[in-house]
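Chain letters run A, B, ... following the sequence lines, proteins first, then strands; residues in each count from 1.
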Amino acid sequence: MVQFINMLLIGIGAGSIYALMAIAMVLVWRSTRVINFAQAGMALLSTYIGFELVQKTGNFWIALPLAMILGALFSALVEILLIRTLIKHSTSGPVAGIVPIIATLGLLGFIRAMIGFIWGNQDIQIQPPLSKVGFKFGEETISLSPMNLLVLLSVLAMVLVLGFIFQKTSLGLSLRASAYSPEIAQLAGIRVGAIRTIGWAIAGAAGAAAGLLQTVNGTGAVSPDSLEFSLLLTFGFIAAVIGGLESLPGAVLGAVVLGLVLAAVQIYISGTLVFIVAFALLLLVLLVRPQGFIGTKAGRRA
Amino acid sequence: MLKKHPLIGFTLFGILLFLLSNRVDELRVFQGATVAIYVIAIASIILLTGYSGQVSLGHGALLAIGGYAAALARNHWGAPVWLTFVIAVLAAALGGYLLGLAAARLSGPYLAGTTLALAIGLPSIANQFPIFGGEQGLLYDIGMPPASLGEDFTQYKWYFWIASLAALLAIYWLRNVMASRYGRNWKAVRGNDVAAELAGINVGRNKVLAFTVSAGLAGLAGALLAMTISTVSPGAFPLALSFSLATGAVLSGVTTLGGVMIGAVTLVAIPEIVDTVVSRFESSDAVANNLPGLLVSTLLILTVLFVPNGPVEQLRARREHRVNK
């Protein structure tokens, strides 16, 4: 029973961080029809900036929002400098489909190398702001520490704020309209270009939060070649796709399902099988329900 | 003459390589073998991406299948070396066939992400089942070069010979396949799959076939890679390898096989150039560790921005443009 509760707690905790990453990927996909494989690199950069801010301010809860803002600015910059040029140059030839994928992959390598230049390739260590010892119920220690709880609450808060922005504000309406049909949105007087940049900026902030929270929730150590971030990218992508890639609630749902499945595998079968199970889950969803949990059939063709 | 009889060109190139391998030192011979292996692996990506319009960011996983299959066949059944290569090709092709069945229903970014997940997921299997030897992996020893080649014929030269011969055969074969009905079908599917379908081409089957053939080549490259380092282990096929191969394919230009050497040589040359720069200027570790990544990723971004079809195709297009004017 305790094992089962721990599974739920670990799964939801991990899933909540994948959810932020998945939200970032969905936002970028909706605004520019690009899967941003550099999202991991941007999150990594934000994490390093967060590390510096923690050093300077000494307070993680000041550093986190600041890192998110800087992450958003950087992401917007990438959209303006790289993605716009890419769309302008875009060819209709056979390589048109792979150009954005390769470009974001190149950006991922570029960011990692720059981080290595600036901070070196050794691990840096971010102190978790709260205890990571699980709460006790009688004799049993469950897999929920004050740190886990705060990660969960902050992710929940961010998802609610994003949901509010998307459903209740005119900015959200513009974002949704531009994603639905750029031409019609433009005719309706929405500045689609600016909206795209804002989509990227919000994604950058979500990615920054995912990176920092993942780091302090885990070992606290990061390096430019961190496998953690490759996993964050892959699991974020898988969560986004099984959730439907078009929908923010879908991304959250996909992330929680992925987190729970992986936690179940980890606890009941074997930790080393987690990666291949994630792949199998992705493949299964793509084959059985290609439009994702929440999504329309037409959304599938890129 | 060379245009009409490519076999002559390939033979001449092979003889040139053979003569060259006797003139240069061991390190260069080893690098030559690595270039040959990259040529095969990059060609397999070019076939997949440039000729059938599918993207794979996880070719490292297919190389791993080939490497492990070869090592298992060698260690458990004592198969002769040539047979282990055949087994590597078949095993990877089977893996590619299964992946291709799923891939044929996916497009662009979905496929890229799925293959990425495979590249991360597959090596972990090696840690799960003892037959694969865990983190240490398996030995893969092809033995000493035959004594008939002489006393001073080194192990690396033997690797170089095998890898170069495999690369020459693979490219020659691939060239012919591209010119065949299958190659034309793939090009048609890549160009416009609806039009191809209307012209009576079975799009799904052709995509799966392309994936299978590409995976088979990747498996061959994997076995050869395992040969040069004498082992197969999860660490030999990291995500970085998959990314490097995709990079090499883009630098070569994915729409034509003609530039395949460009990417392979670049991938091998960049660490070499960085070493020279670092030792010349006595730079710090940070530069030595990160300059290769910086150069490769900058090249990658510049290539997709300015010559997305690759340098060879770009030159050809420019020449045609001039002739037409």
Side-chain angles (χ1 to χ4, degrees), chain A residues 29 33-35 37 82 85-86 89-91 93-103 105-121 224-225 227 230-231 233-235 237-238 240-241 245 270 272-280 282-283 286-287 290 300-302, chain B residues 49-51 53 55 57 99 101-102 105-110 112-114 116-128 187 190-191 239-240 243 246-247 249-250 253-255 284-287 289-306 308-310 313:
Chain A
W29 173 253
R33 299 283 135 183
V34 169
I35 292 283
F37 287 101
L82 182 66
T85 325
L86 216 68
H89 279 247
S90 77
T91 44
V95 291
I98 69 158
V99 161
I101 298 170
I102 299 298
L105 213 57
L107 184 63
L108 175 64
F110 185 80
I111 294 174
R112 285 194 153 163
M114 289 315 282
I115 291 174
F117 268 119
I118 300 171
W119 283 281
N121 290 60
D225 318 300
L227 180 67
S230 298
L231 295 181
L233 172 74
T234 315
F235 291 160
F237 171 81
I238 294 176
V241 170
L245 204 49
S270 156
T272 50
L273 279 186
V274 162
F275 309 124
I276 201 74
V277 167
F279 168 72
L282 172 66
L283 215 51
L286 281 174
L287 293 182
R300 187 65 8 186
R301 286 254 153 202
Chain B
T49 305
Y51 283 79
V55 188
L57 297 183
L99 191 60
L101 285 182
R105 305 174 63 174
L106 307 177
S107 56
Y110 294 100
T114 308
L116 176 70
L118 178 71
I120 287 189
L122 200 69
S124 66
I125 286 190
N127 291 326
Q128 182 65 24
K187 270 189 234 173
R190 178 197 70 185
L239 194 56
F243 284 178
T247 304
V250 173
V254 291
T255 51
S284 63
D285 279 354
V287 176
N289 286 332
N290 297 299
L291 198 54
L294 189 70
L295 287 178
V296 169
S297 47
T298 310
L299 261 178
L300 195 57
I301 294 175
L302 292 178
T303 308
V304 289
L305 279 182
F306 299 110
N309 289 318
E313 187 67 19

S.K.: Identify the two heavy atoms, one from A:Gly106 and one from B:Ser297, that lie closest to each other, and give their separation to 0.1 Å.
M.R.: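 Distance-wise, the nearest heavy atoms are O-CB, 3.0 Å.
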S.K.: Ignoring hydrogens, what is the shortest heavy-atom contact between B:Ile120 and A:Ser230? Give both atom names and the distance.
M.R.: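 Heavy atoms of B:Ile120 and A:Ser230 come nearest at CD1-O, 3.8 Å.
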S.K.: What part of A:Phe235 lies closer than 4.5 angstrom to a heavy atom of chain B: side chain, backbone, both or neither?
M.R.: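 Neither; nothing under 4.5 Å.
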S.K.: Is A:Leu108 close to chain B through its backbone or its side chain, or both, or neither, when contacts mean heavy atoms under 4.5 Å?
M.R.: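 Contact with chain B: side chain only.
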S.K.: How far apart are the closest heavy atoms of B:Leu294 and A:Met114, and which atoms are they?
M.R.: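 Smallest heavy-atom distance, with atoms named: CD1-SD, 3.5 Å.
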S.K.: Let me know if A:Leu283 has heavy atoms under 4.5 Å from chain B in its side chain, its backbone, both or neither.
M.R.: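 For A:Leu283, side-chain heavy atoms alone lie under 4.5 Å from chain B.
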S.K.: At a 4.5 Å cut-off on heavy atoms, which part of A:Phe237 comes close to chain B: side chain, backbone, both, or neither?
M.R.: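 Side chain of A:Phe237 only, per the 4.5 Å heavy-atom cut-off to chain B.
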S.K.: Step by step, work out the side chain to side chain contact (heavy atoms under 4.5 Å, CB included) result for B:Leu305 and A:Leu82.
M.R.: CA-CA 9 Å; B:Leu305 279 182; A:Leu82 182 66; 4.2 Å; yes
S.K.: Taking every non-hydrogen pair under 4.5 Å, which of B:Val250, B:Thr303, B:Leu302, B:Thr298 racks up the most with chain A?
M.R.: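 The answer is B:Val250.
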S.K.: Between B:Gly113, B:Ala112, B:Ala102, who has the most heavy-atom pairs with chain A when the cutoff is under 4.5 Å?
M.R.: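 Option with the greatest count: B:Gly113.
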S.K.: Select one option (side chain, backbone, both, neither) describing which atoms of A:Ala278 are under 4.5 Å from chain B's heavy atoms.
M.R.: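 Neither part; nothing is under 4.5 Å.
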S.K.: Among A:Gly109, A:Pro224, A:Ala280, A:Gly116, which has the most heavy-atom pairs under 4.5 Å with chain B?
M.R.: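 The candidate making the most pairs under 4.5 Å is A:Gly116.
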S.K.: Between B:Gly293 and A:Ala113, what is the shortest heavy-atom contact and its length?
M.R.: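 B:Gly293 and A:Ala113 have their closest heavy atoms at C-CB, 4.0 Å.
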S.K.: Please examine the side chains of B:Leu116 and A:Leu233, heavy atoms only from C-beta on, and report whether any two atoms are closer than 4.5 Å.
M.R.: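 A side-chain contact under 4.5 Å exists here.
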S.K.: Please report the shortest heavy-atom distance between B:Ala117 and A:Leu282, naming the atom on each side.
M.R.: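 For B:Ala117 versus A:Leu282, the nearest heavy atoms are CB-CD2, 4.2 Å.
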S.K.: Roughly how far apart are A:Asp225 CG and B:Asn289 CG, rounded to 0.5 Å?
M.R.: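 These two atoms lie 8.0 Å from each other.
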S.K.: If you compare all heavy atoms of A:Leu105 against all heavy atoms of B:Leu300, which two are closest, and at what distance to 0.1 Å?
M.R.: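 That closest heavy-atom pairing would be C-CD2, 4.5 Å.
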S.K.: Going by heavy atoms in the side chains, are A:Phe279 and B:Thr114 under 4.5 Å from each other?
M.R.: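 Touching, per the 4.5 Å side-chain cut-off.
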S.K.: Looking at B:Leu291, B:Thr247, B:Leu239, which makes the most heavy-atom pairs under 4.5 Å with chain A?
M.R.: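 Greatest number of close heavy-atom pairs with chain A: B:Leu291.
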S.K.: Picking from B:Leu118, B:Leu299, B:Val304, which has the most non-hydrogen pairs under 4.5 angstrom with chain A?
M.R.: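 Highest number of pairs under 4.5 Å: B:Leu118.
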S.K.: Heavy-atom distances under 4.5 Å only: say whether B:Leu57 touches chain A with side chain, backbone, both or neither.
M.R.: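 Side chain only.
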